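To start, the structure under review is shown below, and the notes come after it.
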Amino acid sequence: MALYAIGDLHLAQSVNKPMDVFGPGWSNHAQRLEAAFSQLGEGDVTVLCGDISWGIDFSESLADFQFIDRLPGKKIIVKGNHDYWWNTAAKMRRFFQENGLESLEILHNNAYFYEDWALCGTRGWFYEEEASGHNEKVLNREVGRLEASLRAAGGRPILAFLHYPPLYTGYRCPEVVSKLEEYRVQRCFYGHLHGPTHKRAVEGTVGNVAYSLVSADYLGFTPKKILD
């Protein structure tokens, strides 16, 4: 049994959203994901750090979730900024149940546990949200969701999973970073960054938190092993 993380699958089984328009590095990416996941076992757990499906609702995203469900192991899903299908936790869990998607879970205002570790997370906040006109109310809501998840850890050591990077060359989200440090998060995994922006990612320890980028194209579409 092992714990993995990967973000930004950007699946589009039912919609016309080919990812290779963003460069040859995305060619056949679904098949590459499937091949990489084939090396995992049914007892493994993978946290998916947002931007899962291009579908705008449950019907458009169903084929993508069926693809994910066929992959080995349990999958825990964090919301990304392009996850337009996202709904209330109750509706998402009912959607999974009604469609036999038994390997999928939602990380939203809660925590999951892997051995002695608490797995916590939320979408997060990035400067792009400010540019798009999102306001302080939305930021505070996201910080509140992160804190609710961190509190659910119940004092266990924490691994945090975000979609947006809390740190970036030339950028820092103090509200998110301060929560990670307040709750003594040991490691934080995030996605969202692609292509040329990889070089601006923060990799390594800043303050008391070790940060790692896990965007699918950054990892070569192979989930990153975190714990055995």
Side-chain angles (χ1 to χ4, degrees), residues 3-12 17 19 22-23 25-26 29-30 32-33 36-37 40 45-55 61 64-65 67-68 71 73-86 104-108 112 119-129 131-132 134 139 142-143 145-146 149 158-173 176-177 179-180 185-204 206 209-227:
L3 176 67
Y4 295 83
I6 189 169
D8 306 87
L9 304 188
H10 285 295
L11 296 171
K17 196 74 173 181
M19 288 300 293
F22 297 103
W26 284 91
H29 83 284
R32 292 159 68 187
L33 284 166
F37 267 90
L40 276 62
V45 177
T46 304
V47 181
L48 305 179
C49 294
D51 282 4
I52 310 302
S53 167
W54 281 113
S61 62
D64 295 331
F65 288 115
F67 173 90
I68 295 169
L71 301 175
K74 179 179 180 179
K75 279 75 65 173
I76 300 173
I77 299 173
V78 176
K79 183 182 182 181
N81 63 305
H82 290 302
D83 286 321
Y84 305 118
W85 55 269
W86 192 272
L104 307 185
E105 301 283 358
I106 295 291
L107 182 54
H108 184 68
Y112 289 92
L119 313 182
C120 303
T122 189
R123 186 193 67 168
W125 181 265
F126 200 36
Y127 70 87
E128 295 166 352
E129 297 288 355
S132 66
H134 289 191
L139 167 61
E142 231 8 77
V143 173
R145 287 172 176 162
L146 175 59
S149 182
I158 299 173
L159 302 175
F161 301 86
L162 306 174
H163 176 64
Y164 283 131
L167 298 173
Y168 183 69
T169 300
Y171 170 79
R172 176 187 181 98
C173 183
V176 170
V177 171
K179 288 300 175 189
L180 298 176
V185 171
Q186 297 197 18
R187 301 174 69 185
C188 176
F189 304 88
Y190 63 91
H192 187 65
L193 303 181
H194 303 300
T197 63
H198 289 163
K199 66 179 180 295
R200 299 183 67 182
V202 172
E203 285 271 5
V206 178
V209 182
Y211 295 91
S212 297
L213 174 61
V214 293
S215 297
D217 56 328
Y218 182 74
L219 298 179
F221 303 95
T222 299
K224 179 183 180 70
K225 182 183 280 191
I226 299 171
L227 297 170

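All values below come from the heavy atoms of this structure, side chains included, with hydrogens, waters and symmetry mates left out. We're numbering straight along the sequence, starting at 1. Since we're looking at a predicted model, the values are computed, not measured.
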Next item on the list: Please round to the nearest 0.5 Å and tell me the distance separating atom CD of E105 and atom CD1 of I77.
Entry: 9.0 Å
Note to self: For T169, give me all partners under side-chain contact (heavy atoms from CB on, under 4.5 Å), at least two apart in sequence or on another chain.
What the structure shows: R200
Check: For V47, what residues pass the side-chain contact (heavy atoms from CB on, under 4.5 Å) criterion, not counting sequence neighbours?
Finding: L3, C49, I76, V78, L119, F161
Notebook entry, point to check: Looking only at atom types and distance, does a side-chain atom of N81 sit under 3.5 Å from a main-chain N or O of D51, one as donor and one as acceptor?
Noted result: no
Check: Between P165 and Y171, is any pair of side-chain heavy atoms under 4.5 Å apart?
Finding: no
Margin query: Quick check: closest heavy atoms across A160 and L180, and the distance to 0.1 Å?
Written below: CB-CD2, 3.9 Å
Next item on the list: Please report the C-alpha distance between L159 and L227 in whole Å, then the side-chain angles of each, then the deciding distance to 0.1 Å, and finally whether the side-chain contact (heavy atoms from CB on, under 4.5 Å) criterion is met.
Entry: CA-CA 11 Å; L159 302 175; L227 297 170; 3.9 Å; yes
Next item on the list: Keeping the roles fixed (side chain from T222, backbone from A36), state whether a donor-acceptor pair exists under 3.5 Å.
Entry: no
Item checked: Validation row: L193, Y218 side chains within 4.5 angstrom (heavy atoms) -> no
Next item on the list: Give the intermediate values and the outcome of ring-ring contact (aromatic ring centres under 6.0 Å, His included) for residues F37 and Y4.
Entry: CA-CA 10 Å; F37 267 90; Y4 295 83; 7.8 Å; no
Next item on the list: Would you check if the side chain of E142 reaches a backbone N or O of T122 as a donor-acceptor pair within less than 3.5 Å?
Entry: no
Margin query: For L139, give me all partners under side-chain contact (heavy atoms from CB on, under 4.5 Å), at least two apart in sequence or on another chain.
Written below: W125, V143, C173, E175
Check: Going by heavy atoms in the side chains, are K79 and H163 under 4.5 Å from each other?
Finding: no
Check: Roughly how far, to the nearest 0.5 Å, is OG1 of T46 from NZ of K224?
Finding: 13.5 Å
Notebook entry, point to check: CG/D8 to NE2/H82 distance, rounded to the nearest 0.5 angstrom?
Noted result: 8.5 Å
Item checked: From K199 atom NZ to L213 atom CG, the distance as rounded to the nearest 0.5 Å -> 13.0 Å
Next item on the list: Given side-chain contact (heavy atoms from CB on, under 4.5 Å), test Y211 with V177 step by step and report yes or no.
Entry: CA-CA 11 Å; Y211 295 91; V177 171; 4.0 Å; yes
Note to self: Angle between ring planes, H10 versus W26, binned at 30° and 60°: parallel, tilted or perpendicular?
What the structure shows: perpendicular
Check: Do side-chain atoms of K179 reach the backbone of V176 as a donor and acceptor pair under 3.5 angstrom?
Finding: no
Notebook entry, point to check: With a 4.5 Å heavy-atom cut-off, do V209 and L167 have their side chains touching?
Noted result: no
Check: Where does the angle between the aromatic ring planes of Y164 and H192 fall among parallel (under 30°), tilted (30 to 60°) and perpendicular (over 60°)?
Finding: perpendicular
Note to self: Rounded to the nearest 0.5 Å, what separates atom CG in D83 from atom CZ in R123?
What the structure shows: 10.0 Å
Item checked: Point-to-point distance, once rounded to the nearest 0.5 Å, from CG of L48 to CG of L104 -> 8.0 Å
Notebook entry, point to check: Is there a donor-acceptor pair closer than 3.5 Å between any side-chain N or O of T197 and the backbone N or O of H194?
Noted result: yes
Item checked: Nearest atoms (heavy-atom pairs only) where L11 meets F67 -> CD1-CD2, 3.6 Å
Item checked: Side chain to side chain, E203 and S212, heavy atoms closer than 4.5 Å -> yes
